[in-house]
Amino acid sequence: MSVLVAHSVNWGGVRHSLADHLRGSAALARQFGEVFGAGELAAYLALIHDVGKGSCAWQGGLREAERRGGGRVGLPHKHAGTVLAERYTQLAFGAVVFGHHGGLPDMDKLRTELVKARPGGEHAPLVEEAIRAVEGAVPGIHPEKRPAVPAWLRGLPRSEGRLGLDLLLRMLFSCVVDADFLDTSAHFEDTAVRLREPADMGSLVERYELRRAKMLAGREPSSVDAVRQSVYEQACAAASGEPGVYVLHVPTGGAKTLAAGGFALRHAAAHGMRRVVLAVPYVSITEQNAAVYRQLLDPDPGSGEEAVVLEHHSGVDLDAKAPLDGMSVQQREEWERRMHAARLAAENWDAPFVVTTTVRLFESLFSRRPAQMRRLHNLAGSVIVLDEVQALPDRLLTPILSVLRGLAEQYGVTVLLASATQPSFWELPRWQGLERRAIVEDPSVLFTELRRVDYEWRTGEDVTLESIAAEAARHRQTLIVAGTTKDAARLHRHVEQCTELGEVWHLSTRMTGAHRREVLARVKELLADGEPVQLVSTSLIEAGVDLDFPRVYRAWAPAESMQQAAGRCNRDGRLDSGTVVIFRAADGGQPRGTEYRAALQASDSEFGPDLARPDDLEALDRYYPVRFALQNELGEEIEALRRRLDFPAVNDAFQMIEDGHSVPAVVIRREEDRDAIEAAIAQLRDPVRPCGPEVLRGLQQHTASLPRGEAEAALRSNLAQPVTGDLIGWQGAYHEQRGLDPDAPEDRGAFNL
């Protein structure tokens with residue numbers, strides 16, 4: 001090759017020159033980094049990230065890969081750029097270059113690899129050869145002066161400097177990786193790099209207001225409408241305040257979704273911010289909220305404009321290792337080729353309004369891996385809305401609060417905490433001295449005005465899942481919220497056997513997104529028409545799902561969960577009072593985990609038949625400090641790892657899901673969807689033709705979740721096949737009501753557990 005090449009031929013038959021790729025990536029990274037004062041540094045790190053591809057060995061390896069039909073070259077190329085990063089910046093920034101494919105390293109690993117790259121080391125000849133080969137075409141790899149570090153980093157107190165450097169490295173890594181991915185994707189698609197134009201937030205506010213008014217005009221009037229309007233007006237008034245951390249403390253049924261969106265858009269317009277990122281704890285809320293915001297913000301069909309709202313809840317880990325240890329060498333090589341291409345399908349959150357999950361948000365912030373981290377730079381200059389913030393895991397609060405504060409103070413981010421059960425975060429060390437900006441000055445008034453239910457308690461020794469199901473089945477319209485997915489499936493069977501009032505519905509993450517939406521839509525219709533309807537659900541229904549039952553049953557849970565379940569009862573205030581029954585079933589299960597046990601213990605001390613109601617604000621103020629005190633620590637060890645810049649250890653320690661990671665499973669539930677699903681899977685498996693994030697986006701509605709152990713057992717038993725990352729294609733049974741039923745006889749017999 002007379003010209004150094006970065007990537008093999010695309011569909012237009014053209015190779016990607018290395019000089020073009022380095023310059024193209026640098027230009028993009030500069031644009032991303034300028035938002036937080038690090039454009040020059042981000043551009044330089046992107047300019048040098050692939051310098052190692054200039055060696056003869058790597059260029060020859062690319063030709064060999066082309067002869068094989070595509071895929072990875074298989075030769076390391078990260079040391080040359082890492083040497084340049086240390087030479088012209090400082091050691092820590094070399095981690096950005098060294099990790100741009102495999103993930104951010106720890107500092108000991110980085111030092112060891114640099115020894116190998118220096119004169120006398122095993123990689124030194126290739127490093128020197130690559131630098132000499134590239135410097136002629138791209139002389140900027142030897143800058144005249146050192147790229148500037150953001151001034152705010154030097155101004156941090158000594159105790160915060162290392163944490164500030166940790167977050168800066170994560171953001172720079174995101175800039176470089178996203179620039180690399182975008183430039184590479186554009187080459188293989190034979191198109192120009194696709195970057196969205198900045199959103200006109202003022203126009204979006206106008207659209208939001210017009211459509212909100214139209215939406216509300218089409219609803220049946222409710223006795224709580226005046227309270228909801230007051231909440232909305234207070235949120236809009238607060239939006240003109242300075243960027244920082246805001247609290248929206250509103251009872252369930254207070255129209256928090258509309259108020260949060262109104263605040264976020266107006267605040268972004270007032271302060272020239274780039275986007276809104278709304279993070280919620282459950283996929284069900286992501287789906288529902290995204291549908292609401294699409295209705296309010298997306299352009300009219302046929303307008304030719306890009307969609308405003310991006311719904312991203314895909315749990316696919318595109319950096320995952322091969323799914324089974326029993327793979328042959330050839331299978332593993334094929335898997336690696338496929339994964340290298342599939343990582344380009346990761347979302348980068350460049351839309352004006354992103355709806356995602358808290359798991360996606362925070363595991364991206366604390367990850368070390370490229371596909372997850374490419375989106376982080378798009379958080380700078382944004383409004384982050386944390387809906388149902390009470391669901392953040394206690395054991396990770398210290399690093400979560402630390403990073404949120406860093407984003408607010410150094411990256412131009414405003415954070416909005418929205419919940420009916422606001423935790424007392426300002427009593428924890430990481431937020432001491434941080435200004436708390438309240439949108440609603442006196443939430444107690446709202447809680448009095450929106451009190452719409454009475455609580456009953458079933459806590460005797462004779463209470464079982466079957467007895468609760470039998471009681472609930474006697475009522476025309478009931479919701480039962482179980483403690484676990486297994487309990488939900490068993491309660492569903494019990495209610496089916498007991499009821500004579502019609503069909504019994506079920507909701508859990510073991511069902512596909514499309515299936516859940518269909519169930520919610522049908523249940524809403526039955527409720528609106530006054531028809532009999534019984535629904536059994538896991539806790540996914542509790543936060544933000546807009547259903548209105550006259551009677552709700554909730555398995556004993558932490559106080560905030562009991563109150564959230566009550567938010568599905570008499571939600572619109574059409575009854576004098578709804579009934580919420582809290583039960584403790586002798587044969588019921590509970591989620592595992594030390595923090596959940598601490599929350600239950602703290603709830604036992606404050607709430608119950610002879611104690612406070614779950615919506616008692618004074619009791620909730622006492623509850624959270626007790627709950628935090630019952631735990632030995634709240635993630636302080638992760639802060640220590642961050643100070644050491646030990647990215648792999650932070651990645652491993654920061655797990656939002658404590659008791660086993662769930663695995664996404666694509667299900668062909670309906671025959672009419674088969675061709676589209678199989679075509680998408682084929683694209684993800686194709687190592688030669690990388691695809692963009694649209695493919696995974698389209699599979700979200702066809703994806704359900706399985707505990708990792710069950711997914712691995714299904715792979716061993718050929719009830720599932722690996723697709724890409726940790727995504728699997730399901731080939732076993734799918735229950736028409738319960739989805740991937742944990743107690744389905746066919747699956748239990750077929751699994752090799």
Side-chain angles (χ1 to χ4, degrees), residues 4 6 18 22 25-26 29 38 40-59 61 73-135 138-149 153 161-162 164-177 179-180 367-370 373 641-652:
L4 296 176
L18 181 56
L22 295 180
S25 299
E40 183 181 354
L41 184 54
Y44 180 67
L45 295 173
L47 187 71
I48 61 175
H49 80 283
D50 268 354
V51 167
K53 290 184 176 182
S55 72
C56 291
W58 197 92
Q59 294 290 307
V73 172
L75 294 171
H77 63 273
K78 52 199 174 186
H79 290 84
T82 306
V83 165
L84 291 169
E86 185 202 25
R87 183 183 303 169
Y88 294 112
T89 63
Q90 63 185 61
L91 172 69
F93 296 121
V96 173
V97 177
F98 186 83
H100 75 272
H101 281 306
L104 286 167
D106 60 68
M107 292 301 102
D108 287 342
K109 170 73 171 177
L110 187 61
R111 291 186 184 94
T112 299
E113 293 298 327
L114 277 169
V115 169
K116 297 178 184 177
R118 293 184 185 121
E122 61 183 280
H123 297 308
L126 288 178
V127 166
E128 294 166 3
E129 178 192 344
I131 292 174
R132 285 196 303 270
V134 174
E135 62 190 6
V138 189
I141 66 173
H142 299 298
E144 294 181 3
K145 61 178 182 177
R146 298 171 74 87
V149 174
L153 182 64
R162 295 291 283 185
L165 180 58
D166 166 89
L167 186 53
L168 176 61
L169 286 167
R170 294 175 186 277
M171 291 298 239
L172 288 168
F173 186 70
S174 172
C175 293
V176 172
V177 169
D180 181 18
S367 179
R368 61 179 288 261
R369 300 180 295 180
M373 297 181 71
L641 294 172
R642 289 183 60 213
R643 285 189 170 92
R644 297 208 302 264
L645 305 182
D646 192 340
F647 299 101
V650 170
N651 178 90
D652 294 342

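Quick note: numbers below take in every heavy atom, side chains included, and nothing from hydrogens, waters or symmetry partners.
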How would you list all residue pairs meeting salt bridge (Lys or Arg N to Asp or Glu O under 4.0 Å) that involve residues 167-177, not counting sequence neighbours? Asp166-Arg170

Non-hydrogen side-chain atoms of Lys78 and His101 separated by less than 4.5 Å: no

Side chain to side chain contact (heavy atoms under 4.5 Å, CB included) with Ala649: which residues, sequence neighbours excluded? Leu641, Asp646

Considering residues at least two apart in sequence or located in another chain, which fulfil the side chain to side chain donor-acceptor pair (under 3.5 Å) criterion with His100? Asp50, His77

Under the criterion side-chain contact (heavy atoms from CB on, under 4.5 Å), I'd like the reasoning laid out for Leu18 against Leu22: C-alpha separation, chi angles, the key distance, then a yes or no. CA-CA 6 Å; Leu18 181 56; Leu22 295 180; 4.0 Å; yes

The side chain to side chain contact (heavy atoms under 4.5 Å, CB included) partners of Arg111 (sequence neighbours excluded) come to Leu91, Met107, Asp108

Contact summary for Ala29 and Cys175, nearest pair of heavy atoms: CB-O, 4.0 Å

Take Phe93 and Leu168, measure what side-chain contact (heavy atoms from CB on, under 4.5 Å) needs, and give me the verdict at the end. CA-CA 9 Å; Phe93 296 121; Leu168 176 61; 4.1 Å; yes

Please tabulate, for the side chains in residues 117-130, all donor-acceptor contacts under 3.5 angstrom to protein atoms that are two or more places apart in sequence or on a different chain.
unit_1: Arg118; atom_1: NH2; unit_2: Glu86; atom_2: OE1; d: 3.1
unit_1: Arg118; atom_1: NH2; unit_2: Glu86; atom_2: OE2; d: 2.7
unit_1: Glu129; atom_1: OE2; unit_2: Cys56; atom_2: N; d: 2.7

Write down the atom of Gly99, the atom of Pro370, and the distance for their closest heavy-atom approach. O-CG, 4.1 Å

Find out whether Pro76 and Trp58 are in side-chain contact, i.e. whether some heavy atom of one side chain is under 4.5 Å from a heavy atom of the other. no

Applying ring pair (Phe, Tyr, Trp, His ring centres under 6.0 Å), name anything that partners Phe98, two or more places apart in sequence or on another chain. His79

Quick one, Leu167 and Arg642 - any side-chain contact, counting heavy atoms below 4.5 Å? yes

Gly94 versus Ala85, closest heavy-atom pair with distance: CA-CB, 3.6 Å

Find out whether Asn651 and Arg369 are in side-chain contact, i.e. whether some heavy atom of one side chain is under 4.5 Å from a heavy atom of the other. yes

CZ (Arg368) and CG (Asp106) are apart, to the nearest 0.5 Å, by 8.5 Å

Inter-residue atom distance Phe173.CZ - Phe647.CZ, 0.5 Å rounding: 9.5 Å

Non-hydrogen atoms of Val51 and Ala80 that approach each other most closely: CG1-CB, 4.0 Å

Min side-chain heavy-atom separation Lys53-Leu4 under 4.5 Å: no

Start with the C-alpha distance between Ile48 and Tyr88, add both sets of side-chain angles, then the distance that settles side-chain contact (heavy atoms from CB on, under 4.5 Å), and finish with yes or no. CA-CA 11 Å; Ile48 61 175; Tyr88 294 112; over 6 Å; no

Any chance you could measure Asp180, atom CG, to Leu45, atom CG, to the nearest 0.5 Å? 12.5 Å

Which heavy atom in Ala26 sits nearest to a heavy atom in Ala43, and how many Å separate them? CB-O, 3.4 Å

Evaluate the side-chain proximity of Leu114 to Val83: yes if any heavy-atom separation is below 4.5 Å, no if none is. yes

I need the Ser367 OG to Asp652 CG distance, nearest 0.5 Å. 10.0 Å

Can you check whether Leu165 reaches Arg643 side chain to side chain, under 4.5 Å on heavy atoms? no

Here the gap from Ile131 atom CD1 to Leu84 atom CG, rounded to the nearest 0.5 Å, amounts to 4.0 Å

Is there a side-chain contact between His49 and Ser25 (heavy atoms, below 4.5 Å)? yes

